[in-house]
Structures are given as C-alpha cells and as structure tokens.
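Okay, so here's the structure we're looking at.
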Amino acid sequence: MVVKSDWNAFSVLVVDDEIGMQTILKKALSKQFGQVHTAGTIEEAEEIRQSHHLDLIILDINLPGQTGLEWQESIACDARNYDVIFMTGYAELDTAIQALRLGASDFILKPFNLENMLQAVKRCMDRRLVERTNFALKREVEKKNPIEIIGNAEKTLQLKKMVAQLAPSNAAVLIEGESGTGKELVARGLHQLSERKGPFVPLNCGAIAPDLLESELFGHTSGAFTGAKKGREGLFRVANGGTLFLDEIGEMPIGMQSSLLRALEQKAIRPVGSEKEIPVDVRIVAATNRNLLEEVEKGNFRKDLFYRLNVLTVSLPALRERKADLACLTEHFSQMIASEMGVKPVHWAHEDIVAMANYDWPGNIRELKNMIERCILLGKPPVEHWAELQGDEPIHQDEEQNKNDDASRNKEGECTCMPILDTYPEKWTLKEVEKSHIITVVDLHDGNKSAAARQLGVARKTLERKFKEWSEENA
C-alpha cells in the first residue's frame, strides 16, 4: 500500500478518453491531491493546462485526434515544471523511447494494477517534495546569511546605502565597474533585499557562444535547430518572479540586443522555434566593465537598450579607490579560505597590509582573493611572496607608493600592466606555459573569453580553438 504523502498542495491532470479510467484515477488520487482534473481529449487537456497550475499529468498516448505524444511534443517549448506519466495499451519499444525522449517521468502499460500507478505517482511527488524542501531551505539559508559588502571605506558605505535604496524597486539596474570589483555580489545583494520570491539567475553574456545565447535566454522548442531533440526552458523562465543577472552585457551581440529589448518592453519571451509569446515577471540587473555610452557611439550597443537598462545605475569603486578596506577584506578572505581548506586561521602582519596597500590591484577584489589563496597554499605571507616573484626586497612603508605608475598606464589612464600571476617550473614546455597563462587570464576575467582575448592580444576564436584542443587531449 502506498504511504500517503503531504500532496495536498499538488494538482494533477488525468487525460484519457475512457470515462471509466478517468473515474477510477480521480477517485484514487483525490484522497491525496488537492486538485484532480480530468479530460477526454487533447483540446480539453490544453484548456486546463493553460488555466491551472499543474504538478503532474497522467496522459494516455492513444487519444482520438492528436495523440498524447504529439501534444506533449507540441508544448515542449512551454513546458511548465510538471511531471508526465504516459499510459498506453500498446507495448511498443519505439513508443516508450519517444516518450522518454519527451521527458516522461514514467511509462505504464494498460491494463495496470492501481497500486503500480500510485507507486509511480508517489515517486514523482516525493521528488517534487524534496525539490520544494531544498528550495525552502536555500531561501532560509540566504535569509540567515545575507549578502555582505565587506568594508567601511567612504565609497563602500555609499555603495551599501545605494544598494539598500534601489533593492525594493522592480526597475532595471545597470552595475558599472572594472573586472573583479564584485558586480555579481552587488547584484545578489539587490535581489536578496528586494524580497522577490523567484530565484537569482546569473548569466555571463561573454561566456556563451553568440549563436547559443538566444536559446540560453529564451529557451527553444524541440527540433528548433540541429541537435535540439528536446525543448528546454530559457533562463528568463527559470528566473520568473526573481532576478536575471546579465553580466558583461557589453559583450552581447548587436542582433541579440534587439531580442532582449523586445522581451524587456513586452515583458514576454518567444522561445526559439515557437510562434507563441510567454509572459514573464523578471527583474533585470545588468553589469559591464565597459563604458556603454562609448559603445553606443561606436555602434556596438543599441542606444534604446542602453536607456532601457540604465534606469538605475550603481558604479562600483575599484579596489585602489577603497584601500581602507584592504585590512578587513584580507581578514575576511583569509578566514573563509582557511575554513574551506580545513587549515588554521591566518592572520597577516602589519607589513603585509602595507605591502598590499602599495599595490594598485588592477584585478581588484578577485585578484586580492586569488593572491590570499595562493599565499595560504604556499605558506608564505604576501610581502615575502611578492618579493620572491619580483626578485625584490620586501616593500616597506617608507618606500615610494608605486614607482612605475606612469610607465604602467597608457594615454587614456588605463592600467596596461598585468600583475605577476604565477611562476612556471623550468621543466615545463612552452605549450604548458601557454596553457597555464591563458587559463589564468581567462579566470581573471571570470570566464569572459572575449575580454581575455583582448588582454592577450589574440582573437576569441583562437582561445576557443585552444580550449577545444585541450578538451580533446583530456578526453
């Protein structure tokens, strides 16, 4: 006997042209489900699907007119988050395979024992209960561990105040700042303080191949393009009711910008391969390390999209502009990394903080975190680590703050030097050094291969080719 679970909040739709089957399943399922709908045709089922939230569909394959498989395939692009159990009186292997390809949770042959059906239903609903419980626990953890912007420098305090002011609004936010300044952290803080019920969904626009970006955002139907054997939801629908964070929005192809603008204006999306628009409730938070106004003037970014995104703006200060936060940031990362590694907490000396204050941190907070992790791994304080890498004596407080500032900046005032990222064993081949350096630069740019390619002075396609070669070598 199936043990009754807490399914009162769940709803189910039974689709079968046999009235007797509808009656039997409705009677059995009504004891546990809050709502049980029945339909004898695909037309009736579609009407119910459009007007009700469903957690489970029990679907007969052989129906008059459109079959259950055909219906499920036709709505694949609009697949709400429900399970499907297929029923059939014909035990054909091809039919079962097709059902599984369409995302069937189970496949049951008629005539069946009612207990077997209830067992299949229980497996589906227990899985959903686990998913809901995990989601609830995650939300509780987020509430107990709020996103914290570390530091008390004047610009940091101004940033905290602005985030708190802008968070309750549903308006779009554009976060500007250099790479590594913590744009995603601020975006998560905006989402958490907004109290929106949906999830926070991040996407790095520069890390997705341009021809896949539309499908990634809007989803696609089954057969929409080569290899699309099954429809999928896009990130807009995943983020429904929550926040969609579009990092490195300046990397988005100009053609894709038109589709994004339409989605924002219509508050609806159209999956690739579909003619139907789906309404969505998503707050957009975008981020960039570029000057988007300059990109607009160059023709690389749509002016109308810029003004649509630039409703509210948050400008993040570079780490060199908030050096008063170095001590508390260093302490925070040291404790966090030591805890993750299972080692004793590390406390740096005053000369280490001084040494860090005498550096301009072109990689910002991300570079600081990586340096601290490296020092903990090597067991060397920052002042000694830098001295060994540079072949210099440790930096002291009375030394000139930065002897090479002028030489390391171009005419526009941008820092063109890269920090010393690592040293390589003498036994390494040139190919190994190249691979390590490329991966390090890509990591420094948070996976943004376009930005990394510009830093390295090569085409993005060159990086894509090299990563493909390394992947094939490791296969």
Side-chain angles (χ1 to χ4, degrees), residues 138-139 142-143 146-150 156 158-208 213-214 216-218 233-252 256-257 259-269 279-293 295-296 301-302 304-317 364-366 445-448 451:
K138 182 179 178 182
R139 296 290 290 180
E142 289 178 349
K143 290 178 182 178
I147 299 298
E148 183 180 4
I149 300 173
I150 305 296
T156 306
Q158 292 173 356
L159 174 62
K160 292 178 182 181
K161 182 178 180 180
M162 180 171 287
V163 169
Q165 288 176 335
L166 302 186
S169 169
N170 287 325
V173 178
L174 180 62
I175 303 175
E176 299 175 330
E178 296 178 8
S179 179
T181 49
K183 294 187 284 292
E184 182 170 341
L185 178 73
V186 171
R188 288 182 182 274
L190 286 167
H191 171 71
Q192 191 173 84
L193 293 176
S194 73
E195 297 186 354
R196 289 179 66 83
K197 303 302 181 183
F200 175 85
V201 179
L203 172 69
N204 188 324
C205 298
I208 304 294
L213 191 53
E214 185 173 10
E216 191 75 17
L217 283 173
F218 303 144
E233 292 186 347
L235 295 184
F236 260 92
R237 295 186 66 191
V238 174
N240 195 34
T243 302
L244 179 60
F245 174 53
L246 300 177
D247 197 9
E248 302 302 347
I249 189 71
E251 302 289 341
M252 181 175 285
M256 184 62 212
Q257 293 175 26
S259 301
L260 176 61
L261 178 63
R262 176 177 174 80
L264 298 182
E265 291 179 338
Q266 300 296 323
K267 295 185 178 180
I269 59 169
V280 289
D281 170 25
V282 174
R283 184 188 192 181
I284 297 295
V285 177
T288 181
N289 59 10
R290 296 190 185 191
N291 186 321
L292 286 190
L293 268 178
E295 296 300 311
V296 169
F301 202 83
R302 291 182 62 105
D304 45 9
L305 178 59
F306 170 72
Y307 288 119
R308 186 67 181 78
L309 293 172
N310 195 35
V311 179
L312 302 171
T313 306
V314 178
S315 297
L316 302 193
N364 292 293
I365 296 174
R366 183 184 300 120
H445 289 283
D446 200 23
N448 187 332

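Heads up: numbering here begins at 1 and tracks the sequence.
Considering every non-hydrogen atom in both Val163 and Gly189, the closest pair reads CG1-C, 4.2 Å. Contact between Ala164 and Leu193 at its shortest, heavy atoms only, is CA-CD1, 4.1 Å. Of all non-hydrogen atoms in Ala287 and Asp247, the two that sit nearest each other are CB-OD1, 3.6 Å. Of all heavy-atom pairs between Leu246 and Cys205, the closest is CB-SG, 4.1 Å. In terms of heavy-atom proximity, Ala239 sits nearest to Pro199 at CA-CG, 4.1 Å. For the pair His191 and Gly242, the tightest heavy-atom approach, listed with the atom from each and the gap, is CE1-CA, 4.1 Å.
With contacts defined as side-chain heavy-atom distances shorter than 4.5 Å, the pair Leu174/Val314 does not qualify. Residues Phe218 and Leu213 form no side-chain contact, since every pair of their non-hydrogen atoms from C-beta on lies 4.5 Å or further apart. Residues Val201 and Phe245 are not in side-chain contact: their nearest non-hydrogen atoms beyond the backbone lie 4.5 Å or more apart. Between Arg302 and Tyr307, the closest side-chain pair of non-hydrogen atoms is not below 4.5 Å. Put simply, the side chain of Pro168 does not reach to within 4.5 Å of the side chain of Glu195, judged on heavy atoms. At least one side-chain heavy atom of Leu217 sits less than 4.5 Å from a side-chain heavy atom of Met252. The closest side-chain heavy-atom distance from Ile249 to Leu260 is below 4.5 Å. Leu190 places a side-chain heavy atom less than 4.5 Å from the side chain of Val173.
In this structure, Asn289 contributes its side chain and Gly177 its backbone to no donor-acceptor pair below 3.5 Å. Side-chain atoms of Arg308 come within 3.5 Å of backbone N or O of Leu264 as a donor-acceptor pair. A donor-acceptor contact shorter than 3.5 Å is absent between the side chain of Glu216 and the backbone of Ile208. A donor-acceptor pair under 3.5 Å is absent between the side-chain atoms of Asp281 and the main chain of Asn240, judged by distance alone. A donor-acceptor pair under 3.5 Å is formed between the side chain of Lys183 and the backbone N or O of Glu178.
One distance of note links NZ of Lys161 with CG of Leu166; it measures 11.5 Å at 0.5 Å rounding. Put simply, CD1 on Ile150 and CG on Leu185 are 8.0 Å apart, with the number rounded to the nearest 0.5 Å. Atom-to-atom distance recorded for Ile175:CD1 and Glu184:CD is 9.5 Å, nearest 0.5 angstrom. The CG atom of Leu305 sits 14.5 Å away from atom CZ of Arg262, with the distance rounded to the nearest 0.5 Å. Atoms OG1 and CD1, from Thr156 and Ile149 in turn, are 8.5 Å apart once rounded to the nearest 0.5 Å. Distance check, rounded to the nearest 0.5 Å: CG of Asn310 to CG of Leu293 gives 7.5 Å.
Side chains of Glu248 and Asn204: a donor-acceptor N/O pair is absent below 3.5 angstrom, by distance only. Between the side chains of Arg283 and Ser194, no donor-acceptor pair is found at a separation under 3.5 Å.
By the side chain to side chain donor-acceptor pair (under 3.5 Å) test, Ser169 is found to be paired with no residue, residues two or more places apart in sequence or in another chain being considered.
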side-chain contact (heavy atoms from CB on, under 4.5 Å) evaluation trace for Ser315 with Thr313: CA-CA 6 Å; Ser315 297; Thr313 306; 4.2 Å; yes
Arg237/Val282 under side-chain contact (heavy atoms from CB on, under 4.5 Å): CA gap, chis, key distance, verdict: CA-CA 8 Å; Arg237 295 186 66 191; Val282 174; over 6 Å; no
Derivation and outcome, side-chain contact (heavy atoms from CB on, under 4.5 Å), residues Phe236 and Ile284: CA-CA 10 Å; Phe236 260 92; Ile284 297 295; 4.0 Å; yes
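Between Glu176 and Arg290 there is no salt bridge, since none of the side-chain N atoms of the basic residue sits less than 4.0 Å from a carboxylate O of the acidic one.
Within a 6.0 Å radius of CE in Met256, more than 12 heavy atoms belonging to other residues, nucleotides or ligands are found.
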